[in-house]
**Student:** 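Dumping the structure here so I can ask a few things about it.
We're numbering straight along the sequence, starting at 1.
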Amino acid sequence: AWILQVATVSSAAKADELRDRLLATGEKAYVKKLVTGEKVLYRVYVGPNFERAQLQKIQAGIDSRFGVHSLIVRYKP
């Protein structure tokens with residue numbers, strides 16, 4: 001399975017806001033907390049989807065609408 005990594009931010013509030021905006025457009029979005037050393041980051045994802053092509057179809061629209069440069073990565077539950 002694949003997921004679209006939409007953004008990585010340092011603020012939980014910004015991550016939640018972006019997730020909520022994605023949810024409002026009908027995407028399956030969620031936030032995952034990432035701890036690296038002393039830093040805490042929040043990643044916003046869309047997915048998962050079993051077909052990478054399905055994420056490729058929506059990637060450009062999400063990038064332009066939300067001003068991000070998303071990445072398609074393997075989904076690791």
**Student:** Could you tell me the separation between the CG atom of Leu55 and the CD atom of Glu27, rounded to the nearest 0.5 Å?
**Tutor:**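 Output value for this atom pair is 9.0 Å.
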**Student:** Go through the structure and list residues passing side chain to side chain donor-acceptor pair (under 3.5 Å) with Thr25, not counting sequence neighbours.
**Tutor:**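 None.
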**Student:** Go through the structure and list residues passing ring-ring contact (aromatic ring centres under 6.0 Å, His included) with Tyr30, not counting sequence neighbours.
**Tutor:**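 Only Tyr45 meet the ring-ring contact (aromatic ring centres under 6.0 Å, His included) criterion with Tyr30.
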**Student:** What do the steps show when you test Ile3 against Asn49 for side chain to side chain contact (heavy atoms under 4.5 Å, CB included), and what is the final call?
**Tutor:** CA-CA 6 Å; Ile3 51 177; Asn49 198 308; over 6 Å; no
**Student:** Check the hydrophobic clustering (I, L, V, M, F, W, Y; side-chain heavy atoms under 4.5 Å; chains of links allowed) and say if Val9 and Leu23 are grouped together.
**Tutor:**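 Shared cluster, no.
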**Student:** Linking I/L/V/M/F/W/Y whenever their side-chain heavy atoms sit closer than 4.5 Å, directly or via other members, would Ile72 and Leu18 fall into one cluster?
**Tutor:**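 As far as the 4.5 Å side-chain criterion goes, Leu18 and Ile72 are connected within one cluster.
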**Student:** Tell me the closest heavy-atom pair linking Tyr75 and Pro48, and the distance in Å.
**Tutor:**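 Heavy atoms of Tyr75 and Pro48 come nearest at CG-CB, 3.7 Å.
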**Student:** Tell me whether Val31 is reachable from Trp2 by hopping between hydrophobic residues (I, L, V, M, F, W, Y) whose side-chain heavy atoms are closer than 4.5 Å.
**Tutor:**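 In one cluster: yes.
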**Student:** Under a 4.5 Å side-chain heavy-atom rule over Ile, Leu, Val, Met, Phe, Trp and Tyr, are Val44 and Val73 clustered together?
**Tutor:**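 Shared cluster, no.
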**Student:** The criterion is salt bridge (charged side-chain N to carboxylate O under 4.0 Å, His left out); which residues satisfy it with Asp16, sequence neighbours excluded?
**Tutor:**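 Partners of Asp16 by the salt bridge (charged side-chain N to carboxylate O under 4.0 Å, His left out) criterion, ordered by chain and then number, come out as Arg19.
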**Student:** To the nearest 0.5 angstrom, please state how far the NE2 atom of His69 sits from the CD atom of Gln59.
**Tutor:**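 The distance works out to 11.0 Å.
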**Student:** With hydrophobic residues grouped by side-chain heavy-atom distances under 4.5 Å, do Leu4 and Val68 end up in a single group?
**Tutor:**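 In one cluster: yes.
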**Student:** Dump the intermediate steps for side chain to side chain contact (heavy atoms under 4.5 Å, CB included) on Val46 and Leu22, then the final yes or no.
**Tutor:** CA-CA 8 Å; Val46 169; Leu22 285 160; 4.0 Å; yes
**Student:** Does the Asp63 side chain pair with the main chain of Ser70, one donor and one acceptor, at a distance under 3.5 Å?
**Tutor:**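 A pair under 3.5 Å: yes.
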**Student:** Rounded to the nearest 0.5 Å, how far does CZ of Arg43 lie from CG of Leu71?
**Tutor:**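 Between atom CG of Leu71 and atom CZ of Arg43 there are 8.5 Å.
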**Student:** Just do the side chain to side chain contact (heavy atoms under 4.5 Å, CB included) check on Lys32 and Tyr42 with the steps written out, would you?
**Tutor:** CA-CA 6 Å; Lys32 200 168 187 181; Tyr42 301 89; over 6 Å; no
